[in-house]
Novice: 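Take this structure, written in structure tokens, and hold onto it; I'll ask about it next.
Only this structure's heavy atoms are used, side chains among them; waters, hydrogens and symmetry mates stay out. Note that the structure is predicted; figures quoted are calculated from it, not measured.
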Amino acid sequence: MELRQLRYFVAVAERRHLTRAAEELGIRATSLSQQIIALEREFGTSLFDRTPSGMTPTAAAHALLPHARRALDAVRAGEQAVRASAGPTRPWRIGVTPGVRAGVVAALRNAAGDLDVRDLPVSEQLRRVPRGELDAALIVLPAETGGLRVHTVSDVPLGVLVSAAHPLAGAAVVGWNDLDGRDLLWFDRELAPGYHDAMLDTFRRAGWQPRRIRRGPPRRGPFLAELAVGDVVAVRPRWDATSGAVWRELAHAPRLRHALVWDPEHRDADRLSDLAVELAGEA
């Protein structure tokens with residue numbers, strides 16, 4: 001029996017739903033199901049009755065649950081004792097993707113204190129977190145997060161960003177048909193492959209095929225400067241509206257979601273979870 005399996009068991013027992021527990025743990029539902037089945041085989045008895053509405057703990061599960069909780073609490077207490085005896089530790093290394101709202105680093109520091117913040121593409125962050133080169137990463141969703149824990153910290157509508165001189169700058173609300181025949185100022189796929197592809201697919205399903213996709217530089221300032229060149233629009237959150245750039249509501253707009261992700265086996269996993277909750281409260 002592994003501590004990981006006990007953690008998974010407790011999550012399912014408390015939520016009584018496999019998919020919700022998997023989302024909370026940041027793993028696939030199929031992987032979680034396999035671990036629960038492996039635990040049941042080890043005990044030689046069923047821990048849950050599977051029903052269309054969820055997972056109902058059996059008598060065996062109710063007997064195991066308090067012991068599993070005590071075991072996990074003991075491990076956390078041991079980790080905290082070791083950290084306390086070791087004295088000060090290094091700052092958390094947290095990746096931040098280009099394009100997050102202004103002030104996000106300040107919000108991170110307000111919630112967590114001393115940090116080593118790395119400005120990195122989502123693809124690079126998701127390579128470094130499993131290797132232990134980052135303690136956590138602030139990414140844009142959707143993304144292939146594998147077995148990482150995922151906690152959404154912001155969820156906002158996207159809109160249309162144009163230069164102040166653009167014809168759409170005077171519109172109260174922009175419709176998808178208003179974008180026909182215009183260029184899209186977009187970003188390089190390597191920065192956030194999942195979000196890049198999902199949004200382009202959303203645009204197509206909404207009936208908009210940009211006349212041309214222009215790749216803008218990743219940094220906010222140079223990116224927004226590109227809006228002044230030709231009949232071009234960007235699809236961005238409201239916080240990107242700055243001097244010379246106008247943000248307009250987009251009808252039936254897709255949403256932009258950022259999440260903090262970390263390895264559930266990280267020694268500070270509980271503290272990182274608390275950080276995600278605090279960050280969501282400040283978003």
Novice: Looking at CZ of R16 and CG of D49, how far apart are the two atoms once the value is rounded to the nearest 0.5 Å?
Specialist: 10.5 Å
Novice: If you count heavy atoms of other groups shown closer than 6.0 angstrom to CZ of R15, is the number above 12?
Specialist: yes
Novice: Looking at Q125 and L120, would you say the former's side chain and the latter's main chain have a donor-acceptor pair under 3.5 Å?
Specialist: yes
Novice: Would you call the rings of W239 and H258 parallel, tilted or perpendicular if under 30° counts as parallel and over 60° as perpendicular?
Specialist: tilted
Novice: Indicate yes or no: at least one non-hydrogen side-chain atom of L256 is less than 4.5 angstrom from one of V140.
Specialist: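 Counting from C-beta outward, L256 and V140 do come under 4.5 Å.
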Novice: Counting distance only, does the side-chain N/O of R50 pair as donor-acceptor with the main-chain N or O of M55 below 3.5 Å?
Specialist: no
Novice: Any idea which heavy atoms bring L250 and L158 closest together, and the distance?
Specialist: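 Closest approach of L250 to L158: CB-O, 4.1 Å.
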Novice: Are any non-hydrogen side-chain atoms of L200 and L184 less than 4.5 angstrom apart?
Specialist: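 Result yes, sub-4.5 Å side-chain heavy-atom pair found.
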Novice: Which atoms form the tightest heavy-atom contact between L32 and A21, and what is the distance?
Specialist: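 Between these two residues, the closest heavy atoms are CD2-CB, 3.8 Å.
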Novice: Below 4.5 Å, heavy atoms only, C-beta onward: do E226 and V232 meet side chain to side chain?
Specialist: no
Novice: Tell me which pairs pass ring-ring contact (aromatic ring centres under 6.0 Å, His included) where either residue lies in residues 151-177, with sequence neighbours left out.
Specialist: W176-F203
Novice: Which residues satisfy the side chain to side chain contact (heavy atoms under 4.5 Å, CB included) test with D270, sequence neighbours excluded?
Specialist: R76
Novice: Does one hydrophobic cluster hold both I213 and W208, with members joined at side-chain heavy-atom distances below 4.5 Å?
Specialist: yes
Novice: Less than 4.5 Å apart, any side-chain heavy atom of V261 and any of L126?
Specialist: yes
Novice: Just by modelled atom types, is the L272 backbone N or O under 3.5 Å from a matching donor or acceptor in the W262 side chain?
Specialist: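 No, because the side chain of W262 does not come within donor-acceptor range (under 3.5 Å) of the backbone of L272.
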Novice: D274: what forms a salt bridge (Lys or Arg N to Asp or Glu O under 4.0 Å) with it, not counting sequence neighbours?
Specialist: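 Expected list: none.
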Novice: Testing the basics here: between A276 and V153, what is the closest heavy-atom pair and its distance to 0.1 Å?
Specialist: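 That would be O-CG1, 3.6 Å.
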Novice: Tell me, do V122 and Y195 make a side-chain contact under 4.5 Å, heavy atoms counted?
Specialist: no
Novice: Check V10 against A68 and note the closest heavy-atom contact, atom names and distance.
Specialist: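 Smallest interatomic distance, heavy atoms only, reads CG2-CB, 3.7 Å.
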Novice: Do T97 and L138 touch side chain to side chain, with heavy atoms closer than 4.5 Å?
Specialist: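 No; the side chains remain at least 4.5 Å from each other.
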Novice: Kindly say whether A198 contributes a backbone atom to a donor-acceptor pair with the side chain of T202 at under 3.5 angstrom?
Specialist: yes
Novice: Using 0.5 Å steps for rounding, measure from the CZ atom of R236 to the CZ atom of F187.
Specialist: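 Here the interatomic distance stands at 8.0 Å.
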Novice: Do the side chains of Q35 and R7 get nearer than 4.5 Å, heavy atoms only?
Specialist: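 No, too far: nothing below the 4.5 Å cut-off.
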Novice: Within this structure, what is the CZ-CG distance for the pair F43 and L64, rounded to the nearest 0.5 Å?
Specialist: 4.5 Å
Novice: Taking R248 for its side chain and A169 for its backbone only, find out whether a donor-acceptor pair lies under 3.5 Å.
Specialist: yes
Novice: Check this for me: does any side-chain nitrogen of one of R212 and D183 sit under 4.0 Å from a carboxylate oxygen of the other?
Specialist: yes
Novice: Please list, chain by chain and in numerical order, all residues satisfying ring-ring contact (aromatic ring centres under 6.0 Å, His included) with F48, sequence neighbours excluded.
Specialist: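 For F48, the residues satisfying ring-ring contact (aromatic ring centres under 6.0 Å, His included) (neighbours in sequence not counted) are F9.
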Novice: Rounded to the nearest 0.5 Å, how far apart are CG of D119 and CD1 of I94?
Specialist: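 Here the rounded value is 13.5 Å.
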Novice: Show the nearest heavy-atom pair for residues R149 and P264, with the distance to one decimal.
Specialist: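 Nearest pair, atom of R149 first, then P264: N-CD, 3.8 Å.
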Novice: Against L47, only a single residue in V12, L39, I37 fulfils side chain to side chain contact (heavy atoms under 4.5 Å, CB included); can you say which?
Specialist: L39
Novice: Would L72 and L3 satisfy side chain to side chain contact (heavy atoms under 4.5 Å, CB included), going step by step from the backbone distance to the final call?
Specialist: CA-CA 7 Å; L72 294 174; L3 284 172; 4.3 Å; yes
Novice: Same cluster or not: are V156 and V173 linked, directly or through other Ile, Leu, Val, Met, Phe, Trp or Tyr residues, by side-chain heavy atoms under 4.5 angstrom apart?
Specialist: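 No, V156 and V173 fall in different hydrophobic clusters.
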Novice: Please assess R69 against E14 for the test side chain to side chain contact (heavy atoms under 4.5 Å, CB included), listing each intermediate value before the final yes or no.
Specialist: CA-CA 11 Å; R69 285 172 173 156; E14 290 178 343; 3.3 Å; yes
Novice: Please identify each residue that fulfils side chain to side chain donor-acceptor pair (under 3.5 Å) with Q209, with sequence neighbours left out.
Specialist: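 If we apply the side chain to side chain donor-acceptor pair (under 3.5 Å) test to Q209, skipping adjacent residues, there are no hits.
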Novice: Where do A228 and S163 come nearest, in terms of heavy atoms and distance?
Specialist: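 Taking A228 first and S163 second, the nearest heavy atoms are CA-CB, 4.3 Å.
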Novice: When rounded to the nearest 0.5 angstrom, what is the spacing between CG in D263 and CG in L134?
Specialist: 12.0 Å
Novice: Quick one: pull up CG in L161 and CG in D240 and give me the separation to the nearest 0.5 Å.
Specialist: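 CG of D240 is found 6.0 Å from CG of L161.
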Novice: May I have all residue pairs that pass salt bridge (Lys or Arg N to Asp or Glu O under 4.0 Å) and include part of residues 126-142, sequence neighbours excluded?
Specialist: R90-D135, R93-D135, E124-R127, E124-R128, R127-E190, R131-E133
Novice: Mind checking whether V229 and L168 sit in one hydrophobic cluster, side chains of I, L, V, M, F, W, Y counted as touching below 4.5 Å?
Specialist: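 Each belongs to a different hydrophobic cluster.
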Novice: Below 4.5 Å, heavy atoms only, C-beta onward: do T45 and T58 meet side chain to side chain?
Specialist: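 The answer is no, as the side chains (C-beta and beyond) never meet within the 4.5 Å cut-off.
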